[in-house]
Colleague: 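Please read through the structure below; I'll follow up with questions.
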Amino acid sequence: MLPGAGAGVGTETAVRGAETAVRADGVRADGVRAAGVRAPRGRRAHARARVRAGADRVQGRGFLAKAAAVTAGLTALGALLGLVRDQILAGYFGAGAETDAFLVAWTVPEFASTLLIEDALALILVPAFSRALARRSGSLFGDPVRALVRGTLPRLTVAVSVAAAVLVLAAPLIVSTLAPGLPDPQLAVDCTRLTATCVLSFALVGYCSAALRAHGCFLSPASIYVAYNVGIIGTILVLREPWGVRSAAAGVAVGGVLMVLVQAPSLLRELRARPVPKEEPTALAPESGRGGQEGRILVLGLIAPVVAFSLCRQSQTLIERFLASPLPAGAISHLNYAQKVAQMPMILSLMLCTVSFPVVARALAAGETEAARRRVERDLLLAAVVVLVGASTVIAAAPSIVELLFERGEFDRTDTVATAAVMRVYALGLLGQTMVGALVRCYFSAARPLWYPAAAMAAGLATTTVAGIPGAHYWGAVGIAAANALGITCSAVLLLRGAHRQTVPVQVDRLGEGLLRLATAGAWATGAGWLCSVGIGSPALALTVAALVVIGVFLLFIACAAKAPEIPPLPRSASRRTDHARPHRAAPTAAEAAPVGETAPVGGDVPLDHGPR
């Protein structure tokens with residue numbers, strides 16, 4: 001719970017009530033003259049005054065391309081280190097009972113990462129900080145951003161500290177519930193107690209990441225998984241001999257601390273960058289107090305839908321491990337290795353959505369619904385292109401990928417064959433996973449998150465469970481992977497069908513037709529890549545040939561197919577300048593030219609292009 005979060009996550013009415021706009025004649029909207037405030041004269045002077053008074057870091061950067069490039073590079077480096085981590089685990093501990101025990105404990109950081117870094121906290125706090133930053137430029141008294149931090153961070157820290165302590169004490173119950181058929185439950189309990197400490201560190205990491213992204217700072221948040229994997233790898237190398245696989249669990253705790261340390265200095269700089277404004281007169285305090293009280297009353301309703309969605313989404317992993325625990329030793333490991341590699345295209349495809357999420361939130365706070373819709377639709381199509389090319393490559397060359405990455409040490413040829421089979425099936429659900437990750441931003445970018453995404457994920461989870469029980473019985477780990485792909489695709493379809501009625505009115509029919517055509521191109525590219533690489537003995541060469549053929553056939557299909565979806569080039573789409581980020585231009589925007597308080601007082605400075613598609 002985040003009591004007191006009304007400073008950043010209240011309703012639009014509370015936002016407007018908390019921010020008292022200054023009119024062009026120097027009189028506050030409530031009739032109180034603002035001392036020392038003079039209206040700028042002339043359109044250019046007004047634009048310059050807006051920049052001086054409240055231009056955020058997001059606006060000053062101008063290009064989304066820079067943020068996207070930084071995020072892409074560090075995400076790729078983090079993913080590469082993640083592969084190195086998995087290679088070390090496979091080489092030292094193989095794919096047997098010991099690794100299965102650790103992977104059950106690994107469920108805790110996976111769950112905590114989804115709730116506290118990737119989904120829940122980000123979907124709650126990015127819009128909250130975005131609205132606070134939008135109000136900051138027009139606020140003469142008090143700082144909404146610092147008020148949000150004071151009202152949420154201490155309570156969050158206490159709550160997650162208690163949760164971490166409960167997980168440590170309840171480790172035996174957790175292991176027996178998650179994996180009742182595990183060969184070595186005590187080892188899993190020891191590892192779970194070590195990994196449970198990440199609940200506190202991940203919560204702080206997620207908080208810092210959301211705040212920094214809302215400020216337009218992407219370097220530190222993008223580097224967290226680099227620090228995380230460095231901590232795990234280093235701890236395994238140092239403690240492997242005395243601790244065995246427990247060293248990997250200890251590495252999770254060390255990595256969580258490093259993730260906090262790489263972000264905390266940047267957040268402190270951002271919070272200290274703006275001088276502390278004067279305190280608001282007591283005559284105005286009751287009004288702002290009412291807005292804050294309203295936000296505190298609404299906070300449970302704001303958080304609960306996001307948390308429920310994240311829990312349902314991550315519970316897919318719980319279902320997999322529960323169904324795989326009675327299978328022969330190594331089944332959980334095969335599922336884990338296959339999933340980690342297969343999901344890499346999805347992680348890269350969601351990069352642009354992660355960068356543009358604060359942009360969409362700021363646009364909605366300013367009432368720029370149409371601009372937000374254009375941004376979301378571009379991101380969805382670009383994410384689909386990236387993930388389909390990656391999924392096609394994974395399916396076409398799965399044995400070569402696994403052999404190249406893992407087949408050494410304790411990981412033998414039998415493990416390679418089993419993992420490759422699971423990986424191919426997992427890849428069938430990558431488009432659905434990407435669409436879920438991208439579409440949910442349409443629902444959670446506004447001030448009032450809805451319950452529909454949680455219901456859609458619950459339906460997908462039920463589908464995974466119903467299909468996974470017979471799948472695990474007849475086909476083992478491959479059947480579990482197929483159930484996962486079916487469930488997440490079901491959730492994606494439900495989210496897509498309901499998107500047009502939500503805050504960002506996505507054109508569902510047009511978008512669905514484009515996704516279907518892209519999926520058709522991916523199917524053709526997969527077949528061509530597999531045929532061209534199947535007879536090549538060298539795994540590196542086979543992977544290279546498959547990737548080149550997949551990319552070529554995919555692009556050829558898109559170029560030649562009738563009614564192919566219009567896909568904007570990634571550099572052009574990501575690098576569209578915002579109007580306010582062009583200080584050298586001669587004419588100001590309409591939002592800048594209009595008197596303050598008449599046109600979108602919260603977000604006339606929203607960093608989103610308004611040009612034609």
Side-chain angles (χ1 to χ4, degrees), residues 85-86 89-90 92-116 160-203 228 232 235-236 239-240 242-256 310-340 410 422 461 464-465 468-469 472-473 476-477 480-481 483-484:
R85 175 202 68 207
D86 292 339
L89 283 171
Y92 285 162
F93 309 114
E98 191 176 14
T99 310
D100 286 354
F102 165 72
L103 291 175
V104 170
W106 183 264
T107 305
V108 175
E110 283 183 324
F111 220 94
S113 174
T114 300
L115 283 175
L116 303 175
V160 296
S161 298
V162 173
V166 170
L167 287 175
V168 171
L169 295 175
L173 179 61
I174 293 172
V175 171
S176 62
T177 302
L178 291 180
L182 206 63
D184 191 351
Q186 185 55 47
L187 177 60
V189 169
D190 295 341
C191 292
T192 300
R193 284 175 170 154
L194 288 168
T195 58
T197 59
C198 74
V199 173
L200 174 59
S201 59
F202 280 17
Y228 180 57
I232 295 176
T235 306
I236 292 175
L239 299 178
R240 177 176 66 92
W243 283 19
V245 79
R246 292 178 180 84
S247 62
V252 172
V254 174
S310 301
L311 287 172
C312 290
R313 185 179 184 184
Q314 188 58 32
S315 293
Q316 297 269 1
T317 302
L318 301 183
I319 297 298
E320 290 179 21
R321 304 229 165 120
F322 180 85
L323 294 175
S325 61
L327 297 178
I332 295 177
S333 300
H334 297 150
L335 285 165
N336 174 77
Y337 292 130
Q339 186 182 55
K340 290 295 190 297
E410 298 295 325
V422 174
L461 184 63
T464 299
T465 304
I469 293 173
H473 178 73
I480 296 174
N484 178 285

Colleague: What distance do I332 atom CD1 and L182 atom CG have between them, rounded to the nearest 0.5 Å?
Modeller: 6.0 Å
Colleague: Looking only at heavy atoms, which two atoms of V189 and P172 are closest? And how far apart?
Modeller: CG2-CA, 3.7 Å
Colleague: Using the benzene-type ring in the case of Trp, are the ring centres of F202 and F111 under 6.0 Å apart?
Modeller: no
Colleague: A90: what forms a side-chain contact (heavy atoms from CB on, under 4.5 Å) with it, not counting sequence neighbours?
Modeller: Y337, F406, F411
Colleague: Would you call E410 and E98 a side-chain contact if the rule is heavy atoms closer than 4.5 Å?
Modeller: no
Colleague: Is the shortest heavy-atom distance from the side chain of I232 to the side chain of V254 under 4.5 Å?
Modeller: no
Colleague: On a heavy-atom basis, which atom in A188 and which in T192 lie closest, and how many Å separate them?
Modeller: O-OG1, 2.7 Å
Colleague: Can you see which heavy atom on C198 is nearest to which on V252, and at what distance?
Modeller: CB-CG1, 4.0 Å
Colleague: Is there a side-chain contact between T99 and V245, using heavy atoms and a 4.5 Å cut-off?
Modeller: no
Colleague: To check you understand the geometry: which heavy-atom pair defines the closest contact between A164 and A196, and what is its length?
Modeller: CB-O, 3.7 Å
Colleague: Search all heavy atoms of S333 against all heavy atoms of G96 and return the closest pair with its distance.
Modeller: OG-O, 4.0 Å
Colleague: Are L327 and H334 side-chain neighbours, meaning at least one heavy-atom pair lies under 4.5 Å?
Modeller: no
Colleague: To the nearest 0.5 Å, how far apart are SG in C191 and CH2 in W243?
Modeller: 10.5 Å
Colleague: Do L89 and I236 have side chains that approach each other closer than 4.5 Å (heavy atoms only, starting at C-beta)?
Modeller: yes
Colleague: Which pairs with one or both residues in residues 164-189 pass side-chain hydrogen bond (donor to acceptor under 3.5 Å, both in side chains), sequence neighbours excluded?
Modeller: Q186-D190
Colleague: Please give me the minimum heavy-atom distance between A203 and L116, naming the atom from each residue.
Modeller: N-CD1, 3.7 Å
Colleague: Which residue pairs satisfy the side-chain hydrogen bond (donor to acceptor under 3.5 Å, both in side chains) criterion with at least one member in residues 193-202, sequence neighbours excluded?
Modeller: none
Colleague: So do the side chains of L239 and R246 get within less than 4.5 Å of each other, counting heavy atoms only?
Modeller: no
Colleague: Answer yes or no: is there a donor N or O on one side and an acceptor on the other, between the side chain of R321 and the main chain of L103, under 3.5 Å?
Modeller: yes
Colleague: Side-chain donor-acceptor pair under 3.5 Å between T464 and Q316, yes or no?
Modeller: yes
